[in-house]
Number of protein chains: 4
Amino acid sequence: MDGTTPKRRRAPETRREEILQAASRLFGEQGYERTTTKQIAQAAGIAEGTIYKYFASKQELLFAFLESSVIEPLNAIISGMTGAPDEEVFATVILNRLDLWHERHEFVKVNIAEAFFNPQLAALIHEKLFRGGTRAMEQFVRGGIADGRFRDIDPGLVLRAVVGALFAFSILRDITGPDPHTREEQARELARFFLHGLRAPQPVEPPVTPLLPLALLW
Amino acid sequence: MDGTTPKRRRAPETRREEILQAASRLFGEQGYERTTTKQIAQAAGIAEGTIYKYFASKQELLFAFLESSVIEPLNAIISGMTGAPDEEVFATVILNRLDLWHERHEFVKVNIAEAFFNPQLAALIHEKLFRGGTRAMEQFVRGGIADGRFRDIDPGLVLRAVVGALFAFSILRDITGPDPHTREEQARELARFFLHGLRAPQPVEPPVTPLLPLALLW
Amino acid sequence: MDGTTPKRRRAPETRREEILQAASRLFGEQGYERTTTKQIAQAAGIAEGTIYKYFASKQELLFAFLESSVIEPLNAIISGMTGAPDEEVFATVILNRLDLWHERHEFVKVNIAEAFFNPQLAALIHEKLFRGGTRAMEQFVRGGIADGRFRDIDPGLVLRAVVGALFAFSILRDITGPDPHTREEQARELARFFLHGLRAPQPVEPPVTPLLPLALLW
Amino acid sequence: MDGTTPKRRRAPETRREEILQAASRLFGEQGYERTTTKQIAQAAGIAEGTIYKYFASKQELLFAFLESSVIEPLNAIISGMTGAPDEEVFATVILNRLDLWHERHEFVKVNIAEAFFNPQLAALIHEKLFRGGTRAMEQFVRGGIADGRFRDIDPGLVLRAVVGALFAFSILRDITGPDPHTREEQARELARFFLHGLRAPQPVEPPVTPLLPLALLW
DNA sequence: AATGAATGAGCATTCATTCAT
DNA sequence: TATGAATGAATGCTCATTCAT
C-alpha cells in the first residue's frame, strides 16, 4: 500500500546471486523450514518483497541453488581425465566430490534434509544427479568385470556404497565427527578401500572375532 | 458403539508411550517441522494440551523417542555372536543394522535431518550412538591388522564407509531409488565388498579406463 | 510459537455468532476485500487465530452468514398466509423482503458485490435463493394467467422486475438515495404498480390466491 | 518482428485512453480490488510506473473512467425522440439502457460494487447519473398523471422500479441467470409490464409523450 | 488428570507506489 | 518521458503453547 524509499539500484545480475548466496547460507545454518524470507532479505540487504522479483517462491530458492551450484558445475567438471589406473580414477573422482561437498557442505545438507520429506526435490536430485551416476558407475564397473579386473559385483551396490561413504565423510561430519586426515588422504585411502577391501593382499583365514561391540555404534 | 473408544484415563505410563509412538510415526512421514502438535494429539487420541502434561515441548518429543526407541533397544540388541569368520560377522552386523534402519526408516530420517541443524541432537547421536561404534570398529579392525588378516587401514575410515553405505542403502533410498535385492543379499554382498573391495581375487593389471563419466553423477 | 495469556472462555455457541456478527458488520461497511481478519478479530474482541477455530477461511465467513441469515430464515418465513387477494400477497411478500433486506442491508450488499466477481458465490445465491423464487413466481403467475386474472406474460420477466425493484429499493439505496415513504407504503405501492402498471385503473376484482410459494425464493 | 511492437512514445493523449481502456476491461473482469496495477500496465503495454504519470492513484482510474466513458457519452446520447406513445417511449428508453448496460456490463458491475463501499463514488453516480433521471421520470409520470393517462403514483417509485429491473436484467444476470429473449423483446415486454402491470388488459390508448429527457439519468 | 478454546507472534506472499536511472 | 527495480506495510492463515474449566 505504501512502498516508501526504494533503496538503491544494484547491478541487476548480481542481485539474484546475492539473494541465492544469502539464502543458501541461512538454509545451511538453520535448515530450510527454519529460515524465513525476512531473514533472507535482511542477510541480502534488501526488502522482503524484492526476493519475489527474482524467485517465485521460497522453494524456488532451494531448487535454483541446486541447479546452479550443484548440477551445472557438475557438467563443467566432466572433462579431461580420460584413461588412468582405476585407483587413480577413483581417487580423483572421490577427491573431487569430497571437495565439492565440503565446499557446499551446508547447502547439500539442506537439500538432503529437505529431500527426505519433499518428493519433488527427491525426484529432482534422483533425476539430475543420481541417474547419471548410475550409468557411469555401471559402465566403469561392467568394464572392469568384463576384462577381469573386477569381481562380478552389482554396480548399483558399488555406487551406493561409494555415495554413502562420501556422504558419511562430508555430510554426516557433524554427527560422525571430523576426520583427522586431509581430504586427499581420505580420497586415496577410500579409493584403495573400495578397490581392495579390508583384506590383506595375501588372504589369511581369519581367527574368530567378536562382532557384537560393532553393533553399538551407528 | 463405534471405533471412538473415549480413551479416558489410560495407564499413565502407557500414555507417554502412545504419544511418542504417534509423534515418531508422524515425524517420520512428514518431518519434524511439518508435523503439528494437533496432528500428534489426534493420532494419539488425546487432546492437544495433554501432550504438555508428558513433554515440555515438541522438541522434547524428538529427543525422548531417540532415547527410548533407538538408543535403549540398541543396548539390548548387543549380544551373543562371539566368534565367526569376518565375512559372517560383517554380514550379520550389516543385516542387523539394515533391518533396524529399515524398520525405523522414517524415524532415522527425521533424526538425521534434524541433527543437521540441531547441534544438541547431533551431539547426542554422536555420543550415544557413534562413539561406541568407533570403539568397536577400532577393536575389530586393529585386531585384523594385528594378526595379518587386514591391510593396515584407518578403522575410522572403515567405520565411516560402512555407516555411509548403510546410510545410502536405508536412508537415502528415496533419493537413490530402491535396491532390487533382498536385505540379506545386500548385507552379504556389502560385507564381501568391504572385505575384498572391487578387485578380482587374482589381480590383473587393468588397461586404461575412462573415468570421466563417473564424475557426472552423484 | 508462543501462545500467551488466553483471554476468557466464552459461551461456546455464542462465539461463532459473535464472529459472524462482527464480520458481517465490517463486510457491510467496507466490503469483503477491504475487511481484514485482524479487524474482524478486533471487532469480535478475540484473537485473530480464534476466527479459524470456527471458520476455515475468510470466505467461509461470507458463505456462513448467507446460509444462516438469509437462506435459513427464508425457509422459516414460508408459512401461514395461504389464500388472499393478489394485491395482499404481493404486498406482504414485498414488505417481507424489503424488511429483511433492509435489516441485512449491509450484508446483502457485500454478497452481491462479491458475487459479481466470485462465480462460486454467484452460483450459491442462484441455487439457494433465486431458483426457488423462479419456481414460486412461475406458479403464481401461471395460475393467474390460467384463470384469466393476469395477462399472458413471462413469469421470469416478472420475477426479475420484482427482484430488481426490491434491489433498487433496498440495496441501491446509497446510489438512488433514500425513499421518503415507509416500507409498508413502498410495499403496497409497489404491489399495486406491479399488478396494474402505470395505467389508470380498469379494476377487476381478483379471486383469492395462495401466496406462500412466493415467499420462498429470492 | 512479432507482436511485441515496442510501443515507445505514443500520442500522449492516446496513452491515457489506452490505460483507461485496459484498466476498465480488467476491473470489469475481476473487480477493482482484485485487479493489480501490474496487470493494467501489462494490458496497456506500458511499464507499471508509467500509470502514475497519467493517474495519481489506482482509484483515480476508476473515477476517470466513470467520467469519460459513462457520463460524457450519456450526455451525447440524449437526443431526438420527441413524442410517441408511452409504450414506444418506454420501450425505446429501456432498450437503449439495456444495450448500453449490456455493452458496458462489466464496467457497470465494478462501479456498482465499488459504490457500495465508496461513498465518494456513490455520490458521484447519484449526482451525475441518478438525479437527472429523477427529474426526467418525474416530468414523464407527472405529465401522464395530469392528463389522466397514469394513475396517481410516486414517480420516484417508478424510476426505482425501472432502474431495478434494468439492473436485474443486465447486471444481476450472473446471479439470476440469462434471459432467453432478445434484448428487444425484453424491452418491449418490460415496457408493457410497467405500463399495464400483471392485470389482464382493459386498454386505453395513450396520447403521445416526449421520451428523451428520460435518457439522461441512470 | 485431561481438556480444548484461545492466544498472538510469526509466516510466505502480494502489491500500490516511489524514484534513480 | 518512460522505466521497472525496489520497497515494506499489510494480508490471510498457522501453530506451539497456555490455562480456565
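Proteins come first, then strands; the chains are lettered A, B, ... in the order of their sequence lines, and each starts at number 1.
- Put simply, CD on A/Glu48 is 17 Å from C1' on F/dA5, counting in whole angstrom units.
- Atoms NZ (B/Lys38) and P (E/dT3) sit 15 Å apart, rounded to a whole Å.
- At whole-Å resolution of the value, OH in C/Tyr52 and P in E/dG4 are 23 Å apart.
- Within the structure, every side-chain polar atom (N or O) of D/Lys53 is placed at least 4.0 Å from both OP1 and OP2 of F/dT1.
- Using a 4.0 Å heavy-atom criterion, one finds that B/Thr37 contacts the bases of the nucleic acid, with or without backbone contacts as well.
- Residue B/Ala47 is the one, among A/Gly49 and B/Ala47, whose nearest nucleotide of DNA chain E lies closer to the 5' end (criterion: closest heavy atom).
- Following rounding to the nearest Å, D/Gln39 (CD) and E/dC15 (C1') show an atom-to-atom distance of 10 Å.
- A salt bridge links C/Arg34 with D/Glu114: at least one charged nitrogen is closer than 4.0 Å to a carboxylate oxygen.
- Contact between the side-chain N/O atoms of D/Thr50 and the OP1/OP2 oxygens of F/dT3 is found at a separation under 4.0 Å.
- In this structure, A/Phe55 atom CZ and F/dA6 atom C1' are separated by 15 Å, rounded to whole Å.
- With hydrogens and angles disregarded, no donor-acceptor distance shorter than 3.5 Å links the side chain of C/Thr50 to the backbone of C/Ile46.
- Taking both residues in full, the closest heavy atoms of B/Gly28 and A/Phe117 are given as O-CE2, 3.4 Å, listed atom of the first, atom of the second, then distance.
- Computed from coordinates, the C/Arg34 CZ to F/dT11 P distance equals 12 Å when rounded to whole Å.
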Fill in the blank from the handout: Output field dot_bracket for DNA chain F (Watson-Crick or G-U, both distances under 3.5 Å, | for other-strand pairs) contains .||||||||||||||||||||

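- Heavy-atom minimum distance, D/Ala56 versus D/Glu60: CB-OE2, 3.3 Å.
- Closest heavy-atom contact between C/Arg16 and C/Ala64: NH2-CB, 3.8 Å.
- The CD-P distance, from A/Gln42 to F/dT7, rounds to 13 Å in whole Å.
- In terms of position on DNA chain F, the residue among D/Ile51 and B/Thr36 whose nearest nucleotide sits closer to the 5' end is D/Ile51.
- Between C/Gln59 and C/Tyr32 the shortest side-chain heavy-atom distance falls below 4.5 Å.
- Atom pair C/Arg15:CZ and F/dT21:P shows a separation of 12 Å (rounding to whole Å applied).
- When the side-chain nitrogen and oxygen atoms of A/Tyr54 are compared with OP1 and OP2 of F/dA6, one or more of them lie within a distance under 4.0 Å.
- If you take CD1 on A/Ile51 and OG on A/Ser57, they are separated by 11.0 Å, rounding to the nearest 0.5 Å.
- For B/Tyr32 and C/Tyr32, each mapped to the nucleotide of DNA chain F holding its nearest heavy atom, the one lying further toward the 5' end belongs to C/Tyr32.
- The side chain of C/Lys58 contributes an N or O atom lying less than 4.0 Å from OP1 or OP2 of F/dG12.
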